[in-house]
Every structure is written in C-alpha cells, then in structure tokens.
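Right, one structure below, let's go through it.
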Amino acid sequence: MTEFPINQDDPAAKTVGRRQAVRDPLRYGLALQKTLNVLQRTSGRGLCPKGVFRFRTHEEADAWMEKMLARYQGPKT
C-alpha cells in the first residue's frame, strides 16, 4: 500500500488574486435581491421564462439566452 505524504505547512484553502471579502454579505444579498425584484416588476415577466429547456448544443443555448436578454428593453415609463 502506497501512502501519500501530506504537507502540514501548506494551507488547504488558498486565495489566488486579490479577492476582497464582502463586508456585510446579508446587506449585499438583499441589495441584489432588490435589484432583481425591480427588474421583475418593470419587465412584467423577468429576464428569462421559468422552466426546463433542453438544447442540442451550447451555441443553441447561448443564442436562446441572448434572445431572452434582448427582450428586456428597460423600465416602461
């Protein structure tokens, strides 16, 4: 049986780059939810229809997503 040595000095979780922690994740999440709620109300149907959609290729799925996002034309005034 072969045993793999474990390096105790190497931390298990590493951060690569300069990621900054969110100061207040709850407040950040609520602000994001508020933005999505405004989008839902102004468009009347949300960004994409609900449901399960099956596509043959990634390109077909990307084209559908672009079409759905292009439907949203901003708030109705």
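For this chain, numbers begin at 1 and follow the sequence in order.
In this structure, NZ on Lys34 lies 10.0 Å from CG on Asn37, to the nearest 0.5 angstrom. The structure places CZ of Phe55 at 7.5 Å from CE of Met65, a figure rounded to the nearest 0.5 Å. Interatomic distance, Phe53 CZ to Met68 CE, rounded to the nearest 0.5 Å: 7.5 Å.
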